[in-house]
J.: 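One structure is given below, represented as structure tokens, and several questions about it will come after.
All values reported here derive from a predicted model rather than from experimental measurement.
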Amino acid sequence: MTSKGIIIVIVLAVYLVANLVIGLVVSKRQAKRDAEKGFVNNYFIGGRSMGGLVLAMTLIATFTSASSFIGGPGIAASKGLVWVYLSMIQVPTAFIILGILGKKFAVISRKINAVTVTDYLRARYKSPAVVIISSICLVLFFVAQMVSQFMGGAILFQEITGMPYIWGLLIFSVIVIIYTTVGGFSAVVITDTVQGLIMILGGIILLATVVGVAGGFGPLTSKLSVAAPYYADITSGGTTPMPYVLSFWVLVGIGVLGLPQTAVRGMGFKDTKSLHNAIIYGTIVVGFLMLIMHVSGAFAPAIIDISSLPSTDYVVPSIVLKYMNPVVAGIFIAAPLAAIMSTVSSLLILASAAIVKDLYMNYMVKDEEKASPEFIKSIPKKSMAATLVLGFVVIVLAIVKPDLIVWVNLFAMGGLECAFFCPILFGLYWKKANATGAIVSSICSVASFGFITLYNSLINPLHPFSIGGTTAIIPCIVIAIVTFVVFSLIGKKPDHETLELFYAEK
Amino acid sequence: MNRNPIITDADKNKQMKKEALISVGLYILFFIWWFATGYGIAGTGTPATYTYVLGLPMWFFLSSVVGYVLFCVLTVIVVKFLFRDFDLGEEAGESANERSGQ
């Protein structure tokens, strides 16, 4: 390992340890303060005590993954400004998630004591099938996403510091798993906040480096028009057609309403003031991050020769290695690691909640047993054990790298959206939504999304299936909506009690 | 502006529905701006004939830089003036599972 590598590792180590300490201290304080709310409420939703800044940052940190720091800017370097334009589809994301789901989830979850999205689905649809299908989808897709995030992080670590893959993987994954296991949701959101701030700093560092090395904005754009003449072309020389770009309005646009990891944040904030502040901070920060990260990528060809790199994923790491001093590089690399850790920690605590709360406590424990003091006393241990075991399964999978995981991850995000979009959204705002609609819609759209993805990536990649040049998410969300509406109309109406609970208007 | 207090479940549900519709409306507005200034302007020329602001083509400058700033301003206005504060309600007691057996 080079001396530069050693300095970077030291900076990162300080950062990782700081995360661990903050996560553990803050969550302990929260659990003590809100002790009367009970373990389950504190561990899985942090006692509903998030303020505006924390809510905004955890939301952003959760859906900003490594791809916003490494993959996205890399593609922007090869495709030009159209990829920045595409990333700006995410500007209103925090706004719609919190504006549409925030208060409704907050009110309902307090009434029914929900700490997971599945708790809400159970109260709304009153159907074990809905709960079991959604919990299984959630755990399966989350595990695949966590594994691929860890793999991405470990590869990055290896490239920047020269340390072996497995060392990088173990160093940061063990830290994430410890603070998530011990501290639960509060530790996840407070570290998300620290990580979100580091991500903003990282973005500024990258843009300043690119513009600074090029010698200012004027020289940069003139160099760019020579090195990457396609940068101003909205189709990037015909390689990025409009229907493809528009598909992202579903995948990273309205579709995010169907991601349980972002939706659940609507259950965790303190009051309407926190929500209002979070909408404003969240909107400003997410747009800023997307803009500066992807613009840095699009500008990168002015300072490095991207044709010499093995893939676009190397664009950002090579800027870091070539132009940043080691301390700055360490701080910058903390940003994508932060994005990875914040995504994984959120997924991990939810997957653990799905197993302990949604499956085990609902269906594997008898009612009379649940009331016994011994059982209530055993919940903390069981919850932490579930988080820990899941975390280790993810690490092992990230070491073994099975093909199946890589493949499942390909359609994890779209798959989650197909499974949850209609049940979450229609359940909150449409009185006729019912279990029949939810079950048929989830199964049909997840299956069709899986099939199209499999077909296009393995069976027939040269002539992929596509409707008018869109990606698979478009037809599958349409299938989800149509089947949901049709089968809700066929199925049994929700009972009076449910209607009163969710939609009382008099 | 109508400033009736929001106390009952019915008041809250009405207000939440209104805010959800406003959110959808603002979302559509952003889409229209993004599309019209992006593809709308880019479609009228080629990189060689575009107008450039700070080295950035006009379609990108308006859709992604100005669009972002405008959306932030609109968000602040909407949240400050149309979204309302109210009590989110009390926690229903212990966790539903712990309670169901009692």
Side-chain angles (χ1 to χ4, degrees), chain A residues 37-38 40-41 48 81 84-85 88-89 91-92 95-96 99-100 103-104 106-107 110-115 119 217-218 220-222 224 229-234 242 249 254 271-273 276 279-280 283-284 287-288 291 357 361-362 365 367-372 376 379 429 503-506, chain B residues 8-10 12-17 19-24 26-27 30-31 34-35 38-39 41-43 46-48 50 52 54-57 59-60 63-65 67-69 71-72 75-76 78-80 83-102:
Chain A
K37 289 181 180 167
V40 168
N41 190 312
R48 305 194 209 286
L81 292 175
V84 190
Y85 178 59
M88 294 314 275
I89 292 171
V91 167
F95 182 85
I96 50 159
I100 295 178
K103 287 181 187 170
K104 198 91 185 173
V107 169
R110 280 167 175 77
K111 281 188 182 170
I112 59 174
N113 249 303
V115 302
D119 277 339
F217 213 73
L220 186 144
T221 44
S222 49
L224 199 58
Y230 52 80
Y231 88 101
D233 182 0
I234 202 164
M242 194 202 298
W249 275 92
I254 58 163
D271 50 26
T272 50
K273 235 181 211 85
H276 294 166
I279 293 177
I280 294 171
T283 303
I284 294 172
F288 181 76
L291 188 62
K357 183 86 192 14
M361 283 169 69
N362 282 341
V365 185
D367 274 352
E368 50 276 20
E369 205 183 314
K370 274 184 205 160
S372 73
I376 291 172
I379 296 173
Y429 290 103
Y503 312 100
E505 278 185 358
K506 269 181 217 137
Chain B
T8 65
D9 280 357
K12 291 179 192 173
N13 280 328
K14 262 183 219 155
Q15 178 63 21
M16 290 191 288
K17 207 169 170 183
E19 290 180 13
L21 289 173
I22 293 170
S23 304
V24 173
L26 193 59
Y27 194 70
F30 179 73
F31 173 77
W34 177 92
F35 190 85
Y39 282 111
I41 293 177
T46 64
Y50 288 156
Y52 286 80
L54 303 166
L56 302 170
W59 67 263
F60 176 79
S63 66
S64 304
V65 182
Y68 161 59
V69 175
F71 189 80
C72 288
T75 299
V76 173
V78 164
V79 170
K80 292 276 177 210
F83 282 22
R84 303 268 313 266
D85 282 311
F86 56 81
D87 184 24
L88 294 170
E90 292 298 313
E91 198 72 31
E94 303 234 320
S95 143
N97 278 298
E98 288 163 50
R99 196 185 32 178
S100 63
Q102 289 170 2

J.: Given heavy-atom pairs under 4.5 angstrom as the criterion, report whether the side chain, backbone, both or neither of Tyr85(A) touches chain B.
T.: both
J.: If you measure from CD1 on Ile22(B) to CD1 on Ile100(A), what distance do you get to the nearest 0.5 Å?
T.: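 That separation rounds to 11.5 Å.
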J.: For the pair Glu19(B) and Lys103(A), evaluate side chain to side chain contact (heavy atoms under 4.5 Å, CB included) and give the outcome as yes or no after the intermediate values.
T.: CA-CA 9 Å; Glu19(B) 290 180 13; Lys103(A) 287 181 187 170; 2.7 Å; yes
J.: Rounded to the nearest 0.5 Å, how far does NZ of Lys104(A) lie from CG of Asn13(B)?
T.: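 That separation rounds to 4.0 Å.
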J.: Heavy-atom pairs under 4.5 Å with chain B: which of Ile279(A), Thr283(A), Leu220(A), Thr272(A) has the most?
T.: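 Maximum pair count with chain B is reached by Thr272(A).
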J.: What residue in Asp85(B), Thr46(B), Leu54(B), Val69(B) has the most heavy-atom pairs under 4.5 Å with chain A?
T.: Asp85(B)
J.: Can the ring centroids of Phe35(B) and Trp249(A) be said to lie less than 6.0 angstrom from one another?
T.: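 No - the distance between ring centres of Phe35(B) and Trp249(A) does not fall below the 6.0 Å cut-off.
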J.: Charged N to carboxylate O below 4.0 Å: is that the case for Glu91(B) and Lys37(A)?
T.: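 So Glu91(B) does not pair with Lys37(A) through a salt bridge.
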J.: Passes salt bridge (charged side-chain N to carboxylate O under 4.0 Å, His left out), Asp9(B) versus Lys111(A)? Steps please.
T.: CA-CA 11 Å; Asp9(B) 280 357; Lys111(A) 281 188 182 170; 2.8 Å; yes
J.: Using atom types as modelled and distance alone, determine if a side-chain donor or acceptor of Tyr503(A) lies under 3.5 Å from a backbone N or O of Ala10(B).
T.: no
J.: What is the minimum heavy-atom distance between His276(A) and Val79(B), and which atoms define it?
T.: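 Minimum heavy-atom separation between His276(A) and Val79(B): CB-CG1, 3.5 Å.
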J.: Does any part of the side chain of Leu26(B), heavy atoms only, come nearer than 4.5 Å to the side chain of Pro92(A), both counted from C-beta?
T.: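 No, every pair of side-chain atoms sits at 4.5 Å or beyond.
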J.: I need the residue from Gly99(A), Ala106(A), Ala114(A), Ala504(A) with the largest number of non-hydrogen atom pairs under 4.5 Å to chain B.
T.: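 Going by pairs under 4.5 Å, I would pick Ala504(A).
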J.: Select one option (side chain, backbone, both, neither) describing which atoms of Leu224(A) are under 4.5 Å from chain B's heavy atoms.
T.: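 Neither the backbone nor the side chain of Leu224(A) comes within 4.5 Å of chain B.
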J.: How far apart are the closest heavy atoms of Tyr429(A) and Ala20(B), and which atoms are they?
T.: OH-CB, 3.5 Å
J.: Using the side chain to side chain contact (heavy atoms under 4.5 Å, CB included) rule, take Met88(A) and Val65(B) through it: C-alpha gap first, then chi angles, then the decisive distance, then the call.
T.: CA-CA 9 Å; Met88(A) 294 314 275; Val65(B) 182; over 6 Å; no
J.: Which of the residues Trp34(B), Phe86(B), Phe60(B), Phe71(B) is involved in the greatest number of heavy-atom pairs with chain A at under 4.5 angstrom?
T.: Trp34(B)
J.: Of all of Phe30(B), Tyr39(B), Tyr50(B), which one pairs up most often with chain A through heavy atoms under 4.5 Å apart?
T.: Tyr39(B)
J.: Check whether Lys17(B) gets within reach of chain A through its side chain, its backbone, both or neither, counting any heavy atom under 4.5 Å.
T.: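 Both backbone and side chain.
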J.: Quick one: do Phe31(B) and Ile89(A) satisfy side chain to side chain contact (heavy atoms under 4.5 Å, CB included)? Show the steps, please.
T.: CA-CA 8 Å; Phe31(B) 173 77; Ile89(A) 292 171; over 6 Å; no
J.: Please flag which part of Leu291(A) lies under 4.5 Å from any non-hydrogen atom of chain B: side chain, backbone, both or neither.
T.: side chain
J.: I need the minimum non-hydrogen distance between Ala232(A) and Trp59(B), along with the two atoms involved.
T.: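 Smallest interatomic distance, heavy atoms only, reads O-NE1, 3.0 Å.
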J.: For Phe288(A), which atoms come within 4.5 Å of any heavy atom of chain B: side chain, backbone, both, or neither?
T.: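 The answer is both parts of Phe288(A).
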J.: Hey, which of Gly43(B), Cys72(B), Gly67(B) has the most heavy atom pairs under 4.5 Å with chain A?
T.: Cys72(B)
J.: Shortest non-hydrogen contact from Gly55(B) to Tyr231(A)?
T.: O-OH, 2.8 Å
J.: Using a cut-off of under 4.5 Å on heavy-atom pairs, state which of Thr221(A), Ile284(A), Val365(A), Asp233(A) scores highest against chain B.
T.: Ile284(A)
